[in-house]
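The basis for the numbers below is simple: all heavy atoms, side chains too, and nothing from hydrogens, waters or symmetry mates.
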Amino acid sequence: MVAYDDSSSVKVYTVNGAASGSSSSLPDWLTRKRVAKKGKRAVREHVEGTIDLIQEFEFPEASNKIRTTRDGHHAIATGVYKPQMRVYDLDQLTLKFERHSDAENVDFLILSDDWTKTLHLQADRSIELHTQGGFHYRTRIPRFGRAINYHFPSCDALVGASGPEVYRLNLDQGRFLSPLVLEGDGGEDVAGVNAIDINPAHQLLAFGVEGNGSVEFWDPRSRARAGILRLPRSQLVVSGSVVPPLPGVEDGNSSKGLSVTAIASRADGLSYAFGTSTGHTLLYDIRSPRPFAVKDLGYGLPVKSVSWIEGGSRMAGDGMVLSADKKVVKIWDRNNPAGNFASVTPAHDINHVHHVPGSGLLMLANEGIQMTNYYIPQLGPAPRWCSFLDNITEEMEDQTVRNVYEDYKFVERSELTKLGLDRLVGTPALKPYMHGYFLSLRLYDAARAIANPFAYEEHRAQRVQDKLDKLAESRIRARKAAQAPKVNKALASRIRKEEERVKRHEEKRERRKARTAEVEDGEDDDEEEVEAEEEAEHEGDENQKSGKPAKANLLNDPRFSALFENREYQVDETSREFNMLNPSFTAQRQKAKTAAVRAESDEGDSDEDSSDAGDLDQYNPRARPAVDVPGLVAAQRRPTKQPRMVAAAPQAEGRKGRAAAHSKDATFGQRRQGASSSKPRARSSGGGHGDSGAKEVSWVPSASSGAHDEDDMLVPGGGGKPKKNAGKRRVETFGAGMERGGDGEEERRQALSESERHGRTRRRSNVRSGSKNVFRGV
């Protein structure tokens, strides 16, 4: 159930069909088809958000007319497509049955107090009589019918058609009687009869005439015209709204173009309501030729329905009038036609409006699939068969929950603390909602001005900077610089890299498909394969040059343009939320930062050792890669002593040989011979020298030699100087604070018991088994 407040603060509840003001540009059948595709969720939302007073209160395409029986237990409606009549059981609030016909229905009457006997005027000039068992009889009239009514005292069915005749079909005798021929105003021809009304007090017949703007009254007893009422054409027809008469053919003083489209008489026998083709409703007292009230519906469309709302003391007032055109339904007081008691604008065009007597319920036949029911509690009570509507509407009116917060600002708790208004939590000044509060907009502006008095200056400076940036964009610049985003450059870079990766993958896949197709076709020529690969490599560039549209992403989607232009959307990559949502990116950034720190430290160490080590020490193939162990980082960063290769002093026998060895052009062999001749040969287990300058190196491992540097083992002699901490045990670190070795290791091992040192060696006894529900050793 949807409540609709009109301009006069009268609540109008939609209890069937679409709510007021919810019109859509899409046809009803297409909207329903889209809802059906969404599945059960859309159906559940529809059921939870609306109330259907009468089940299956609809037609496949549109509805034409709707009326209720005089006993108030059934409702009958006609519609299309296919042309059919549907009867609803109001006590059960559901469809009773449906009955199809050969032609579309124009109008129908309910002859009995219940639904069993109905008379239908069809669009194919036929009149059908239906009974409880179904179709009973069909007859035809000479012209296309427009309106039908029934005179109960004489059993005459009066049918208005597209001519001056009003056909009479006597249901008692079962034959047509002589028609009533309308003479018009001054004996002119009548184009047709649009409406027929029979006054319930004195049975006076009223016929609404097409074209001349008059209403003719006939006495059924004498079958002659009793009088004619001419509508004030000057008050109703606006200059230019009526087609001007043809000169020499039509009289300019005639009322051509003004027609009476609807008539309703009041039970007092004196008051009449007439609806015109110009969208006006006129109220007359038949004792006066002038209207005492004129109501303009405002759209200039022909009036579809006019009725007097009766109900006695239970109704809102005496003499309320309902008038409706294709767009709007208005209920107004006859004593105050300028105002509206209620105004309803349905979602679909109106074909017919029926007011349930003695209640505030309106039934509408419209151009939509669903027919519409509106309930106005202030107009009258709910009918007996839906009395629960009063309880529902009373409960809805008692609810004072304000769903629309006007002049309120939604703020979060953190923003509330920045403004210094967190002390207002729990007071009526803050209305809790979801993860924040609704705060008065005036109070919010005042608090923000106090908390940040320079907000306006900052805003002004920001606007000036934006204008300067916009002017700078208009200058000639490089293509890449023009595409560079203002904010979130890292995000844009990641998106571009991902696009390039996907593009390379697609090109590779297309290349593989093309190569596979060539192999299957037997084209194994090497030149053709090379050409295909070259074409595939340049395919991406050609597509870009041809102007093909790129795939939609965050960078080229205009909906997300503010993400790379507005500084308020800057992503804080140091926040906790960003790190939790992007753990891999955070880890890569931390790893890159650690690598940069290590690179800086390694550069510092290499600068210190460059004076001692020389250029030959820059590359060490035996160096192990860095291991991320906290305990070993410092040890690995210590500079290790590397072997140095120093050229031997060139010496030779004699002054001539020594000069030749020191010469710049001396070979390596001459220098080596000079070095070997300058010193006496000594026997060494580490190696020896040959005649040609070759050197032998041998290494004999010895347990007593102590811990030596690995690089020193390459020095002739098979060993090096022992390190200072050779007597100490090496400490092995396993991470998480665990280590083995070092001083005091042996004492700690001796302090442990045998079981603690080697673990359990015997089977446990007197304990609960893990696999059997028994105790071992019992």
Considering only NZ, NE, NH1 and NH2 on the basic side and carboxylate oxygens on the acidic side, decide whether [X] and [Y] come within less than 4.0 Å.
X: Lys304; Y: Asp325; answer: no
X: Arg67; Y: Asp107; answer: yes
X: Asp102; Y: Arg138; answer: yes
X: Asp219; Y: Arg221; answer: yes
X: Arg266; Y: Glu310; answer: yes

Can you confirm whether the side chains of [X] and [Y] place a donor and an acceptor under 3.5 Å from each other?
X: Trp332; Y: Thr281; result: no
X: Asp91; Y: His73; result: yes
X: Arg233; Y: Gln235; result: no
X: Asn64; Y: Thr78; result: no
X: His120; Y: Gln122; result: no
X: His354; Y: Thr68; result: yes
X: Tyr272; Y: Asn199; result: yes
X: Ser259; Y: Thr261; result: no

Check: Given side chains that start at C-beta, do those of Asp113 and Thr69 come closer than 4.5 Å, heavy atoms only?
Finding: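 Side chain of Asp113 against side chain of Thr69, heavy atoms only: no contact under 4.5 Å found.
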
Note to self: Do Arg86 and Phe59 form a cation-pi contact, if we require the NZ or CZ to be under 6.0 Å from the six-membered ring centre and within 45 degrees of the ring's axis?
What the structure shows: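 Pair Arg86/Phe59 counts as cation-pi.
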
Margin query: Out of the candidates Thr14, Asn16, Asn366, only one should pair with Thr372 under the side-chain hydrogen bond (donor to acceptor under 3.5 Å, both in side chains) rule; please name it.
Written below: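 Filter result, single survivor: Asn366.
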
Next item on the list: Determine whether more than 12 heavy atoms belonging to other residues, nucleotides or ligands lie under 6.0 Å from atom CD of Gln132.
Entry: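 No - once you tally the heavy atoms of other residues, nucleotides and ligands closer than 6.0 Å, there are 12 at most.
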
Notebook entry, point to check: Is the side chain of Ser112 donor-acceptor paired with the backbone N or O of Asp114 at a distance under 3.5 Å, no angle test?
Noted result: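 Judged by distance alone, yes, a pair lies under 3.5 Å.
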
Checklist line | Side-chain (Asn340) to main-chain (Ala342) donor-acceptor, under 3.5 angstrom | finding: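 Side chain of Asn340 to backbone of Ala342, a donor-acceptor pair under 3.5 Å: no, none is there.
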
Notebook entry, point to check: Where do Phe176 and Tyr167 land on the ring pair (Phe, Tyr, Trp, His ring centres under 6.0 Å) test, with the steps shown first?
Noted result: CA-CA 8 Å; Phe176 279 100; Tyr167 302 103; 7.1 Å; no

Check: Angle class for the Tyr150/Phe152 ring planes (parallel below 30°, perpendicular above 60°, tilted otherwise)?
Finding: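 Rings of Tyr150 and Phe152: perpendicular, as their planes differ by over 60°.
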
Notebook entry, point to check: Aromatic ring centroids of Phe57 and Tyr88 under 6.0 Å?
Noted result: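 Centroid distance Phe57-Tyr88: below 6.0 Å, so yes.
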
Item checked: Tyr284 vs Phe292, ring pair (Phe, Tyr, Trp, His ring centres under 6.0 Å): CA-CA, chis, key distance, verdict -> CA-CA 6 Å; Tyr284 277 89; Phe292 65 88; 7.9 Å; no

